[in-house]
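See below for the structure under consideration.
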Amino acid sequence: MLRDILEEVALTRYEIGKTALDERVMAAMAKVPRERFVGAYDRHQAFVNGPLPIGYGQTISQPYIVALMTDLLEPRPDSIVLEVGTGSGYQSAVLAEVVQQVYSIEIIGALARAADERLRELGYGNVTVRHGDGYQGWPEHAPFDGIIVTAAAPHIPPPLVEQLKPGGRLVIPVGEPGGIQQLMLVEKRGDASVSSRSILMVSFVPLTRSRP
Ligand code: SAH
């Protein structure tokens, strides 16, 4: 799996503007047991470099994308990070290996409960999972050093930009569901001005919204 990630990094080096990913991120990818986050039926495929179903029509992203998105956050051991779209909890676990605290929101209750249980079984005490609509972020724990969204949004949610610390980074796929989306990196500078750039074309399940 690590070799596949390295190969994809090499193939996309011009788009992503780097030839290697953060060493701590690669060590986390090596450590987190991906097979524990997919159904028994798909376990033999857990290390294939592609997305896998996790139930409820949702998927766990391909390892390269998980690694790239984590790298783009520039995680530090003292970072407080928000994830929107807990899904299986795999991305949360990778984050938990490289930051201090992860807050993760999942809109499908059953997935949130299963991920929470799995992360606890695996000993990830620094991940807090909540069932809810992540479009609004998690104001009680804001501001965040990094925010990662693992479902495609039609636009960058303003509450998430608001909940970034100065110097913080938001990584999010933006575009139409089922269509081509751009993985965007949004940076809030020290003076609170915001810049964003597109990193790579990707394909994610859509960010859904809870109805009022
Ligand atoms: N990060 C996950 C992959 C998740 S797929 C993993 O590592 O397994 C995207 C997830 O986003 C799905 O579980 C979907 O239910 C969830 N989602 C979609 N819209 C959401 C929203 N508005 N708030 C929170 N979660 C959302």
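Atoms within a ligand are numbered from 1 in the order they appear, just like the ligands themselves.
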Assign the ring pair Tyr103 / His141 to parallel, tilted or perpendicular, where the plane angle (0 to 90°) is split at 30° and 60°.
parallel
Under 3.5 Å donor-acceptor pairs involving side-chain atoms of residues 53-62, not counting sequence neighbours:
unit_1, atom_1, unit_2, atom_2, d
Gln58, NE2, Tyr56, O, 3.2
Gln62, NE2, Glu8, OE2, 3.0
Gln62, NE2, Asn49, O, 3.4

I'd like the contact residues of ligand 1, where contact means a heavy atom below 4.0 Å.
Gln58, Thr59, Ile60, Glu83, Val84, Gly85, Thr86, Gly87, Ser88, Gly89, Tyr90, Gln91, Ile105, Glu106, Ile107, Ile108, Leu111, Gly132, Asp133, Gly134, Thr150, Ala151, Val205, Pro206, Leu207, Thr208
Pair up each side-chain donor or acceptor in residues 87-94 with any protein partner under 3.5 Å, not counting sequence neighbours, and list the distances.
unit_1, atom_1, unit_2, atom_2, d
Ser88, OG, Tyr90, N, 3.1
Gln91, NE2, Thr70, OG1, 2.9
Ser92, OG, Glu83, OE1, 2.7

Pairwise side-chain hydrogen bond (donor to acceptor under 3.5 Å, both in side chains) hits with a residue in residues 196-208, at least two apart
Gln182-Ser198
Measuring from atom CD1 of Ile147 to atom CG of Leu73, what distance do you get when rounded to the nearest 0.5 angstrom?
9.5 Å
Looking just at side-chain N and O atoms, do Tyr124 and Glu97 make a donor-acceptor pair shorter than 3.5 Å?
yes
